[in-house]
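Structure, as structure tokens:
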Number of protein chains: 2
Amino acid sequence: MRLTRYTDYAMRVLLYLGREPERLCSIGEIAQAYGISQNHLMKVINDLVHAGFLASLRGRNGGIRLARPPAEINIGALVRHTEDDFDLVGCGSCIIAPACGLTSVLDEAMAGFMAVLDGYSLADVLARRPDFSHLLNPVAPREAVRS
Amino acid sequence: MRLTRYTDYAMRVLLYLGREPERLCSIGEIAQAYGISQNHLMKVINDLVHAGFLASLRGRNGGIRLARPPAEINIGALVRHTEDDFDLVGCGSCIIAPACGLTSVLDEAMAGFMAVLDGYSLADVLARRPDFSHLLNPVAPREAVRS
DNA sequence: ATAAAACATGTATCCTGATTGCATGTTTCT
DNA sequence: AGAAACATGCAATCAGGATACATGTTTTAT
């Protein structure tokens with residue numbers, strides 16, 4: 001019973017950016033802070049930008065930030081977007097699926113799962129444990145732009 | 001978001017046996033009925049026997065059947081047994097896990113998921129859609145023992 | 001007793017799909 | 001013009017589940 005690392009990374013990005021919703025961060029900074037693959041993270045972030053969770057600014061001194069305030073970003077909606085396969089047990093390949101009483105039960109269980117996530121916003125999650133900055137890898141601040 | 005095929009197979013076995021709780025079935029018969037790997041199924045069933053979900057009778061004309069009436073077999077308990085990894089997003093490898101507000105939210109969501117499954121017995125599932133026998137592959141009846 | 005049926009278990013191989021890395025393009029700022 | 005940073009596609013890799021194969025053990029029927 002697992003979500004993909006894709007979803008994992010997406011949530012980490014939102015948590016990171018949610019600490020300072022206004023600041024523009026580069027993808028490299030986030031990858032370094034967590035010590036994870038920048039290439040993979042870039043794809044996840046790209047997807048989140050297209051989906052409207054993040055706003056990106058291209059070009060030099062560009063970066064990404066939350067597209068909306070943390071209180072308006074729903075965790076359930078995020079998971080629904082990043083996790084595309086909700087066919088828990090591959091009913092698609094089971095021959096009794098058309099008349100299987102389990103499918104409705106599993107659907108209901110999944111609904112129960114998502115209902116909990118739908119009940120929380122990024123702001124709620126951040127409020128629970130606001131202080132994780134000290135656990136991140138140290139990141140050199142972006143060089144100041146010469147005036 | 002998926003459960004393993006291991007869990008999938010375990011549930012199919014219970015559904016199959018639940019139709020006729022008293023009858024002794026061979027593992028080969030069930031594998032053939034669903035058109036799935038007998039080897040893999042054997043391991044799953046073995047596990048279920050040890051866990052007390054099934055009763056097996058070895059030797060010639062042996063087989064397996066439910067260890068208890070369908071009403072006393074809980075779906076949540078089954079999934080809890082066959083699905084051993086409930087670390088949804090690999091928090092074990094995330095550096096901010098000790099101070100991450102997401103872990104408690106995910107735990108709560110998982111509890112919501114399992115709560116639904118805990119609310120159903122095999123009998124409940126069978127009652128929902130009792131007629132799937134015609135979807136199974138035809139299985140040659142075990143040769144009658146010569147008297 | 002013996003053979004056959006059926007359960008039991010370990011090892012090794014295969015294979016899917018997520019993950020990652022590499023190469024290259026596009027945009028925007030200085 | 002050039003550097004920084006986002007954007008995208010493709011190929012290589014890797015982990016873990018799934019499967020096959022080989023063999024052992026138990027029980028029953030004759």
Side-chain angles (χ1 to χ4, degrees), chain A residues 1-10 12-13 17 23-32 34-51 54-65 67 82-85 87 89-90 92-93 139-147, chain B residues 1-10 12-13 24-32 34-51 54-65 82-85 87 89-90 92-93 140-147:
Chain A
M1 181 85 178
R2 289 186 65 87
L3 300 170
T4 61
R5 194 161 299 188
Y6 197 87
T7 298
D8 182 11
Y9 284 6
R12 294 201 209 185
V13 168
L17 296 176
R23 191 175 129 240
L24 223 45
C25 302
S26 77
I27 293 176
E29 172 188 337
I30 301 176
Q32 192 184 335
Y34 283 111
I36 60 182
S37 158
Q38 176 165 348
N39 284 295
H40 193 55
L41 192 60
M42 191 171 285
K43 284 164 204 190
V44 176
I45 286 177
N46 221 308
D47 186 7
L48 294 179
V49 170
H50 287 150
L54 303 180
S56 73
L57 193 64
R58 300 176 71 151
R60 185 167 183 173
N61 294 320
I64 53 172
R65 56 172 166 47
T82 58
E83 202 72 15
D84 58 345
D85 180 9
D87 183 17
V89 293
S93 65
V139 173
R142 178 149 52 180
E143 189 180 329
V145 177
R146 290 192 306 277
S147 60
Chain B
M1 180 85 178
R2 290 186 64 87
L3 300 171
T4 61
R5 194 161 300 187
Y6 196 88
T7 298
D8 183 11
Y9 283 7
R12 294 203 208 184
V13 168
L24 224 44
C25 302
S26 77
I27 294 176
E29 172 188 335
I30 300 176
Q32 191 184 334
Y34 283 111
I36 60 183
S37 158
Q38 176 166 348
N39 284 295
H40 197 204
L41 192 60
M42 192 172 283
K43 286 170 198 185
V44 176
I45 286 178
N46 219 309
D47 187 6
L48 294 178
V49 169
H50 286 149
L54 303 181
S56 73
L57 192 64
R58 300 176 72 149
R60 186 165 182 173
N61 293 321
I64 53 173
R65 58 178 165 69
T82 57
E83 202 73 15
D84 60 344
D85 181 8
D87 183 17
V89 294
S93 65
R142 179 148 51 179
E143 189 179 327
V145 177
R146 289 193 303 277
S147 58

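Chain letters run A, B, ... following the sequence lines, proteins first and then strands; every chain starts at 1. Both backbone and side-chain heavy atoms feed into the values below; hydrogens, waters and symmetry mates do not. Quick caveat, the model's predicted, so the values are computed rather than measured.
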Hey, does the side chain of B:Gln38 reach the backbone of B:Gln32 with a donor-acceptor pair shorter than 3.5 angstrom? no
Roughly, in whole Å, what's the span from [atom1] in [X] to [atom2] in [N]?
X       : N      : atom1 : atom2 : answer
A:Met42 : D:dA5  : CE    : C1'   : 7 Å
B:Ile64 : D:dT27 : CD1   : C1'   : 17 Å
A:Ile27 : C:dT27 : CD1   : P     : 16 Å
B:Leu41 : C:dA6  : CG    : P     : 15 Å
A:Leu24 : C:dT28 : CG    : P     : 14 Å
A:Asn46 : D:dA7  : CG    : P     : 5 Å

With sequence neighbours left out, write down each residue that passes side-chain hydrogen bond (donor to acceptor under 3.5 Å, both in side chains) with B:Tyr6, or none if nothing qualifies. B:Asp47
Can you name the residues that form a side-chain hydrogen bond (donor to acceptor under 3.5 Å, both in side chains) with A:Thr82, not counting sequence neighbours? A:Thr7
With sequence neighbours excluded, residues passing side chain to side chain contact (heavy atoms under 4.5 Å, CB included) with B:Arg58: none
Could you tell me which residues satisfy side chain to side chain contact (heavy atoms under 4.5 Å, CB included) with B:Asn46, sequence neighbours excluded, listed by chain and number? B:His50
Does a nitrogen or oxygen in the side chain of [X] sit under 4.0 Å from OP1 or OP2 of [N]?
X       : N      : result
A:Asn61 : C:dT28 : no
B:His50 : C:dC7  : no
B:Ser56 : C:dA6  : no

Contact class for B:Ile45 (heavy atom, under 4.0 Å): base, sugar-phosphate, or nothing? nothing
Using a 4.0 Å heavy-atom cut-off, write out nucleotides 13-21 of chain C from 5' to 3' as B (base contacted by protein), S (sugar-phosphate only) or - (no contact). ------SBB
Quick one: does A:Arg58 reach the base of C:dT26 with a side-chain donor-acceptor pair under 3.5 Å? yes
Any side-chain heavy atom of B:Ile27 sitting closer than 4.5 Å to one from B:Ile64? yes
If you measure from CD on B:Glu29 to CG on B:Leu41, what distance do you get to the nearest 0.5 Å? 11.0 Å
